[in-house]
Number of protein chains: 2
Amino acid sequence: MVVYMRPLFHPSVQDVTVEAILHALSDPVRVAIYADIVGQNCSHNCVAFSNISEKPIPKSTLSQHFKILREAGLIRGERQGVEMHNTSRCAEIDKRFPGLIGAIVTAHKVQLADGERQTRAAKSKAARRTARSK
Amino acid sequence: MVVYMRPLFHPSVQDVTVEAILHALSDPVRVAIYADIVGQNCSHNCVAFSNISEKPIPKSTLSQHFKILREAGLIRGERQGVEMHNTSRCAEIDKRFPGLIGAIVTAHKVQLADGERQTRAAKSKAARRTARSK
DNA sequence: TCAATAGTACATAAATCCCGAACTAATGAA
DNA sequence: TTCATTAGTTCGGGATTTATGTACTATTGA
(Lines give C-alpha, C1' and ligand atoms only; values in the text may rest on other atoms or scores of the structure.)
Protein backbone atom coordinates (compact mmCIF):
# COMPACT_ATOMS: atom_id res chain seq x y z
CA MET A 1 0.00 0.00 0.00
CA VAL A 2 1.19 3.45 -0.83
CA VAL A 3 0.35 6.27 1.57
CA TYR A 4 1.12 9.64 0.04
CA MET A 5 3.22 11.86 2.22
CA ARG A 6 2.11 15.35 2.90
CA PRO A 7 4.31 17.26 0.45
CA LEU A 8 6.91 19.69 1.77
CA PHE A 9 6.03 23.32 2.18
CA HIS A 10 7.30 25.71 -0.49
CA PRO A 11 6.44 29.40 -0.31
CA SER A 12 5.02 31.03 -3.43
CA VAL A 13 7.41 33.49 -5.08
CA GLN A 14 5.32 36.40 -3.88
CA ASP A 15 5.88 35.34 -0.29
CA VAL A 16 9.63 35.03 -0.65
CA THR A 17 11.49 37.76 1.26
CA VAL A 18 14.93 39.24 0.72
CA GLU A 19 15.63 38.79 4.42
CA ALA A 20 14.91 35.06 4.31
CA ILE A 21 17.08 34.62 1.21
CA LEU A 22 19.99 36.52 2.73
CA HIS A 23 19.63 34.71 6.02
CA ALA A 24 19.57 31.35 4.29
CA LEU A 25 22.70 32.17 2.32
CA SER A 26 24.57 33.82 5.21
CA ASP A 27 25.71 30.42 6.43
CA PRO A 28 28.89 29.07 4.81
CA VAL A 29 27.53 25.52 4.55
CA ARG A 30 24.24 26.67 3.04
CA VAL A 31 25.79 28.96 0.40
CA ALA A 32 28.13 26.15 -0.55
CA ILE A 33 25.20 23.75 -0.92
CA TYR A 34 23.14 26.27 -2.81
CA ALA A 35 25.96 27.33 -5.12
CA ASP A 36 26.41 23.68 -5.94
CA ILE A 37 22.73 23.10 -6.68
CA VAL A 38 22.57 26.23 -8.84
CA GLY A 39 25.83 25.47 -10.61
CA GLN A 40 25.04 21.97 -11.71
CA ASN A 41 21.65 21.62 -13.28
CA CYS A 42 21.06 18.08 -12.05
CA SER A 43 19.12 17.43 -8.85
CA HIS A 44 20.79 16.45 -5.61
CA ASN A 45 19.93 14.46 -2.55
CA CYS A 46 20.83 15.65 0.96
CA VAL A 47 23.48 13.23 2.15
CA ALA A 48 25.53 14.03 -0.97
CA PHE A 49 26.52 17.21 0.85
CA SER A 50 27.67 15.78 4.15
CA ASN A 51 31.31 16.37 3.20
CA ILE A 52 30.90 19.83 1.70
CA SER A 53 32.98 21.47 4.45
CA GLU A 54 36.04 20.28 6.39
CA LYS A 55 34.08 18.52 9.12
CA PRO A 56 31.40 16.03 8.10
CA ILE A 57 27.96 17.48 8.78
CA PRO A 58 25.47 15.33 10.74
CA LYS A 59 22.37 14.55 8.78
CA SER A 60 20.00 16.19 11.25
CA THR A 61 21.92 19.42 10.72
CA LEU A 62 21.87 18.95 6.95
CA SER A 63 18.14 18.38 7.09
CA GLN A 64 17.73 21.70 8.92
CA HIS A 65 19.88 23.48 6.35
CA PHE A 66 17.76 22.13 3.51
CA LYS A 67 14.60 23.14 5.32
CA ILE A 68 15.89 26.70 5.67
CA LEU A 69 16.86 26.88 1.99
CA ARG A 70 13.48 25.44 1.03
CA GLU A 71 11.40 27.73 3.23
CA ALA A 72 13.36 30.74 2.02
CA GLY A 73 12.09 29.77 -1.44
CA LEU A 74 15.56 29.06 -2.82
CA ILE A 75 15.13 25.39 -3.62
CA ARG A 76 12.39 22.93 -4.36
CA GLY A 77 12.57 19.54 -2.69
CA GLU A 78 10.64 16.58 -4.07
CA ARG A 79 10.73 13.09 -2.81
CA GLN A 80 11.58 10.58 -5.48
CA GLY A 81 11.53 7.11 -4.09
CA VAL A 82 13.71 6.84 -1.04
CA GLU A 83 15.57 10.05 -1.56
CA MET A 84 14.93 13.75 -2.02
CA HIS A 85 15.66 15.67 -5.17
CA ASN A 86 16.56 19.29 -4.68
CA THR A 87 16.45 21.77 -7.52
CA SER A 88 17.04 25.49 -7.60
CA ARG A 89 14.14 27.92 -7.98
CA CYS A 90 16.43 30.67 -9.25
CA ALA A 91 14.49 31.27 -12.46
CA GLU A 92 11.35 32.17 -10.49
CA ILE A 93 13.24 34.26 -7.96
CA ASP A 94 15.14 36.08 -10.64
CA LYS A 95 11.88 37.41 -12.06
CA ARG A 96 11.00 38.99 -8.76
CA PHE A 97 14.49 40.01 -7.61
CA PRO A 98 16.51 40.39 -10.80
CA GLY A 99 20.21 39.65 -10.48
CA LEU A 100 20.11 38.89 -6.76
CA ILE A 101 20.90 35.19 -6.88
CA GLY A 102 23.45 35.63 -9.64
CA ALA A 103 25.33 38.33 -7.74
CA ILE A 104 25.43 36.24 -4.56
CA VAL A 105 26.63 33.11 -6.32
CA THR A 106 29.26 35.10 -8.22
CA ALA A 107 30.43 36.81 -5.02
CA HIS A 108 30.72 33.42 -3.39
CA LYS A 109 32.89 32.21 -6.28
CA VAL A 110 35.13 35.30 -6.04
CA GLN A 111 35.58 34.69 -2.35
CA LEU A 112 36.37 31.01 -2.90
CA ALA A 113 38.96 31.90 -5.53
CA ASP A 114 40.54 34.54 -3.26
CA GLY A 115 40.61 32.05 -0.41
CA GLU A 116 42.40 29.46 -2.50
CA ARG A 117 44.88 32.06 -3.66
CA GLN A 118 45.55 33.05 -0.05
CA THR A 119 45.85 29.42 0.97
CA ARG A 120 48.33 28.78 -1.82
CA ALA A 121 50.28 31.92 -0.89
CA ALA A 122 50.32 30.91 2.77
CA LYS A 123 51.50 27.44 1.82
CA SER A 124 54.34 28.64 -0.37
CA LYS A 125 55.26 31.25 2.27
CA ALA A 126 55.36 28.48 4.86
CA ALA A 127 57.44 26.39 2.46
CA ARG A 128 59.93 29.25 2.00
CA ARG A 129 60.11 29.76 5.76
CA THR A 130 60.74 26.06 6.25
CA ALA A 131 63.41 26.12 3.54
CA ARG A 132 65.21 29.10 5.10
CA SER A 133 65.20 27.64 8.60
CA LYS A 134 66.98 24.47 7.47
CA MET B 1 42.23 69.13 26.01
CA VAL B 2 41.33 66.76 23.22
CA VAL B 3 41.99 63.08 23.77
CA TYR B 4 41.66 61.14 20.55
CA MET B 5 39.42 58.11 20.77
CA ARG B 6 40.67 54.79 19.54
CA PRO B 7 39.00 54.74 16.12
CA LEU B 8 36.41 52.10 15.33
CA PHE B 9 37.41 48.88 13.68
CA HIS B 10 36.78 48.59 9.95
CA PRO B 11 37.82 45.45 8.06
CA SER B 12 39.85 45.89 4.89
CA VAL B 13 37.96 45.02 1.71
CA GLN B 14 39.98 41.84 1.31
CA ASP B 15 38.75 40.60 4.69
CA VAL B 16 35.09 41.26 3.91
CA THR B 17 33.12 38.04 3.46
CA VAL B 18 29.91 37.36 1.56
CA GLU B 19 28.55 35.55 4.61
CA ALA B 20 29.07 38.58 6.86
CA ILE B 21 27.44 40.89 4.31
CA LEU B 22 24.42 38.64 3.86
CA HIS B 23 24.10 38.09 7.58
CA ALA B 24 24.27 41.83 8.25
CA LEU B 25 21.57 42.50 5.65
CA SER B 26 19.34 39.57 6.62
CA ASP B 27 17.81 41.63 9.41
CA PRO B 28 14.88 43.85 8.40
CA VAL B 29 16.04 46.78 10.51
CA ARG B 30 19.59 46.58 9.21
CA VAL B 31 18.65 46.37 5.51
CA ALA B 32 16.34 49.31 6.01
CA ILE B 33 19.14 51.32 7.64
CA TYR B 34 21.65 50.29 5.03
CA ALA B 35 19.33 50.94 2.08
CA ASP B 36 18.80 54.41 3.51
CA ILE B 37 22.51 55.11 3.91
CA VAL B 38 23.24 53.86 0.38
CA GLY B 39 20.28 55.66 -1.14
CA GLN B 40 21.01 59.12 0.16
CA ASN B 41 24.59 60.16 -0.27
CA CYS B 42 24.74 62.25 2.89
CA SER B 43 26.04 60.80 6.14
CA HIS B 44 23.78 59.74 8.98
CA ASN B 45 23.97 59.50 12.73
CA CYS B 46 22.57 56.53 14.64
CA VAL B 47 19.61 57.90 16.53
CA ALA B 48 18.17 59.18 13.26
CA PHE B 49 17.10 55.58 12.66
CA SER B 50 15.33 54.85 15.92
CA ASN B 51 11.96 55.09 14.20
CA ILE B 52 12.81 53.18 11.05
CA SER B 53 10.42 50.31 11.91
CA GLU B 54 7.03 50.21 13.66
CA LYS B 55 8.41 49.94 17.18
CA PRO B 56 11.03 52.47 18.27
CA ILE B 57 14.41 50.76 18.55
CA PRO B 58 16.39 51.25 21.77
CA LYS B 59 19.72 52.90 21.18
CA SER B 60 21.76 50.04 22.59
CA THR B 61 20.16 47.82 19.97
CA LEU B 62 20.79 50.39 17.25
CA SER B 63 24.41 50.60 18.31
CA GLN B 64 24.74 46.82 17.89
CA HIS B 65 23.13 46.99 14.46
CA PHE B 66 25.62 49.64 13.37
CA LYS B 67 28.49 47.60 14.77
CA ILE B 68 27.36 44.58 12.72
CA LEU B 69 27.05 46.65 9.53
CA ARG B 70 30.46 48.21 10.22
CA GLU B 71 32.26 44.95 10.97
CA ALA B 72 30.71 43.34 7.89
CA GLY B 73 32.50 46.11 5.95
CA LEU B 74 29.28 47.68 4.70
CA ILE B 75 29.60 51.09 6.29
CA ARG B 76 32.28 53.37 7.64
CA GLY B 77 31.60 55.13 10.92
CA GLU B 78 33.52 58.25 11.88
CA ARG B 79 32.99 60.36 14.91
CA GLN B 80 32.39 64.00 14.09
CA GLY B 81 31.92 66.00 17.22
CA VAL B 82 29.30 64.50 19.44
CA GLU B 83 27.79 62.25 16.84
CA MET B 84 28.78 59.52 14.42
CA HIS B 85 28.70 59.86 10.69
CA ASN B 86 27.99 56.70 8.78
CA THR B 87 28.75 56.35 5.10
CA SER B 88 28.41 53.44 2.76
CA ARG B 89 31.50 51.56 1.55
CA CYS B 90 29.64 50.21 -1.49
CA ALA B 91 32.16 51.53 -4.03
CA GLU B 92 34.95 49.47 -2.45
CA ILE B 93 32.79 46.39 -2.03
CA ASP B 94 31.50 46.63 -5.56
CA LYS B 95 35.03 46.20 -6.87
CA ARG B 96 35.40 42.92 -5.05
CA PHE B 97 31.84 41.64 -5.37
CA PRO B 98 30.43 43.31 -8.47
CA GLY B 99 26.70 43.93 -8.42
CA LEU B 100 26.10 42.34 -5.04
CA ILE B 101 25.13 45.44 -3.08
CA GLY B 102 23.14 46.85 -5.97
CA ALA B 103 21.11 43.66 -6.39
CA ILE B 104 20.33 43.47 -2.67
CA VAL B 105 19.28 47.11 -2.42
CA THR B 106 17.14 46.78 -5.56
CA ALA B 107 15.53 43.59 -4.23
CA HIS B 108 14.76 45.39 -1.01
CA LYS B 109 13.07 48.18 -2.94
CA VAL B 110 11.01 45.68 -4.96
CA GLN B 111 9.87 44.03 -1.77
CA LEU B 112 9.00 47.35 -0.16
CA ALA B 113 6.96 48.36 -3.21
CA ASP B 114 5.16 44.98 -3.26
CA GLY B 115 4.45 45.32 0.45
CA GLU B 116 2.94 48.75 0.01
CA ARG B 117 0.86 47.52 -2.89
CA GLN B 118 -0.42 44.65 -0.73
CA THR B 119 -1.08 47.00 2.16
CA ARG B 120 -3.03 49.35 -0.09
CA ALA B 121 -4.98 46.41 -1.55
CA ALA B 122 -5.77 45.10 1.94
CA LYS B 123 -6.85 48.56 3.03
CA SER B 124 -9.21 49.13 0.12
CA LYS B 125 -10.54 45.58 0.50
CA ALA B 126 -11.23 46.33 4.16
CA ALA B 127 -12.86 49.60 3.15
CA ARG B 128 -15.13 47.80 0.67
CA ARG B 129 -16.02 45.23 3.32
CA THR B 130 -16.86 48.00 5.77
CA ALA B 131 -18.94 49.78 3.13
CA ARG B 132 -20.93 46.60 2.34
CA SER B 133 -21.64 45.79 5.97
CA LYS B 134 -23.22 49.17 6.66
C1' DT C 1 32.48 72.28 36.00
C1' DC C 2 27.83 70.99 34.93
C1' DA C 3 24.17 69.56 31.73
C1' DA C 4 22.91 67.60 27.52
C1' DT C 5 23.57 64.60 23.63
C1' DA C 6 25.39 60.50 21.12
C1' DG C 7 27.01 56.35 21.46
C1' DT C 8 29.39 52.11 23.72
C1' DA C 9 30.02 48.25 27.25
C1' DC C 10 28.17 45.01 30.08
C1' DA C 11 24.97 41.63 31.97
C1' DT C 12 21.34 38.68 31.39
C1' DA C 13 16.91 37.06 29.50
C1' DA C 14 15.05 35.46 25.15
C1' DA C 15 15.65 33.42 20.83
C1' DT C 16 18.12 30.52 17.72
C1' DC C 17 21.29 26.93 16.30
C1' DC C 18 23.55 22.41 16.45
C1' DC C 19 23.50 17.66 16.74
C1' DG C 20 22.56 12.90 18.92
C1' DA C 21 18.77 9.79 19.44
C1' DA C 22 14.54 8.21 18.10
C1' DC C 23 11.25 8.19 14.54
C1' DT C 24 8.91 7.84 9.55
C1' DA C 25 8.80 6.57 4.52
C1' DA C 26 10.13 4.01 0.66
C1' DT C 27 12.46 0.06 -1.40
C1' DG C 28 14.11 -4.53 -1.96
C1' DA C 29 14.94 -9.18 -0.50
C1' DA C 30 13.56 -13.35 1.68
C1' DT D 1 4.26 -10.20 4.98
C1' DT D 2 8.29 -9.09 7.61
C1' DC D 3 13.02 -7.60 8.05
C1' DA D 4 16.94 -4.77 6.64
C1' DT D 5 18.59 -0.73 4.46
C1' DT D 6 18.70 3.93 3.00
C1' DA D 7 17.23 8.79 3.24
C1' DG D 8 15.25 12.27 5.87
C1' DT D 9 12.56 14.40 9.70
C1' DT D 10 11.45 15.47 14.50
C1' DC D 11 12.48 16.19 19.19
C1' DG D 12 15.09 17.71 23.17
C1' DG D 13 18.43 20.12 25.44
C1' DG D 14 23.01 22.21 25.60
C1' DA D 15 25.73 25.90 23.21
C1' DT D 16 25.71 30.10 20.93
C1' DT D 17 23.59 34.65 19.49
C1' DT D 18 20.70 38.44 19.90
C1' DA D 19 18.02 42.14 22.26
C1' DT D 20 17.79 45.52 25.55
C1' DG D 21 17.95 48.04 30.30
C1' DT D 22 21.40 50.13 32.99
C1' DA D 23 25.59 52.19 33.59
C1' DC D 24 29.37 54.14 31.47
C1' DT D 25 32.52 57.34 28.17
C1' DA D 26 33.22 61.14 24.90
C1' DT D 27 32.17 65.64 23.13
C1' DT D 28 30.10 70.19 23.12
C1' DG D 29 28.18 74.32 24.97
C1' DA D 30 26.78 77.19 28.75
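Given the structure is predicted, the values throughout are model-derived calculations rather than measurements. For the numbers below, each heavy atom of this structure counts, side chains included, while hydrogens, waters and symmetry mates do not. Residue numbering restarts at 1 for every chain, and letters A, B, ... go by the order of the sequence lines.
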Of all the heavy-atom pairs spanning [X] and [Y], show the shortest one and how long it is.
X: Gly73(B); Y: Arg89(B); answer: O-CD, 3.4 Å
X: Ile33(A); Y: Ile52(A); answer: N-CD1, 3.6 Å
X: Leu69(A); Y: Tyr34(A); answer: CD2-CB, 4.3 Å
X: Leu100(B); Y: Val18(B); answer: CD2-CG1, 4.5 Å

Most 5' of Gly81(A) and Ile68(A) on DNA chain C, judged by nearest nucleotide |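 The answer here is Ile68(A).
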
[N] [atom2] sits how many Å from [X] [atom1], rounded?
X: Asp27(A); N: dT17(D); atom1: CG; atom2: P; value: 12 Å
X: Leu8(A); N: dT9(D); atom1: CG; atom2: P; value: 7 Å
X: His65(B); N: dT8(C); atom1: NE2; atom2: P; value: 13 Å
X: Leu62(A); N: dT9(D); atom1: CG; atom2: P; value: 10 Å
X: Gln64(B); N: dA11(C); atom1: CD; atom2: C1'; value: 12 Å
X: Gln80(A); N: dA26(C); atom1: CD; atom2: P; value: 13 Å
X: Phe9(B); N: dA9(C); atom1: CZ; atom2: C1'; value: 18 Å
X: Glu78(B); N: dG7(C); atom1: CD; atom2: P; value: 14 Å

Carboxylate-amine/guanidinium contact Glu19(B) Arg30(A), below 4.0 Å = no

Any ion pair linking Arg70(B) and Glu78(B) (charged N to carboxylate O, less than 4.0 Å)?
-> no

Rounded to the nearest 0.5 Å, what's the gap from CG on Asp15(B) to CD on Glu71(B)? Could you check?
->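 Atom-to-atom, Asp15(B):CG and Glu71(B):CD are 12.5 Å apart.
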
CD1 (Ile75(A)) and CG (Asn86(A)) are apart, to the nearest 0.5 Å, by 4.5 Å

Please produce a list of atom pairs where a protein N or O lies less than 3.5 Å from an N or O of nucleotides 4-8 of chain D.
residue : atom : partner  : partner atom : Å
dA7(D)  : O4'  : Val82(A) : O            : 3.1
dG8(D)  : OP1  : Cys46(A) : N            : 2.8
dG8(D)  : OP1  : Met84(A) : N            : 3.2
dG8(D)  : OP2  : Cys46(A) : N            : 3.4
dG8(D)  : OP2  : Val47(A) : N            : 3.0
dG8(D)  : N7   : Lys59(A) : NZ           : 2.6
dG8(D)  : O6   : Lys59(A) : NZ           : 2.7

Considering only heavy atoms from C-beta outward, does the side chain of Gln111(A) approach that of Lys109(A) to under 4.5 Å?
-> no

Axis-to-axis angle across the helix from dT1(C)-dA30(D) to dA30(C)-dT1(D), five pairs an end, to 10 degrees?
->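 Here the local axes at opposite ends form an angle of 10°.
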
Does OP1 or OP2 of dT20(D) have a side-chain N or O of Thr61(B) closer than 4.0 Å?
-> yes

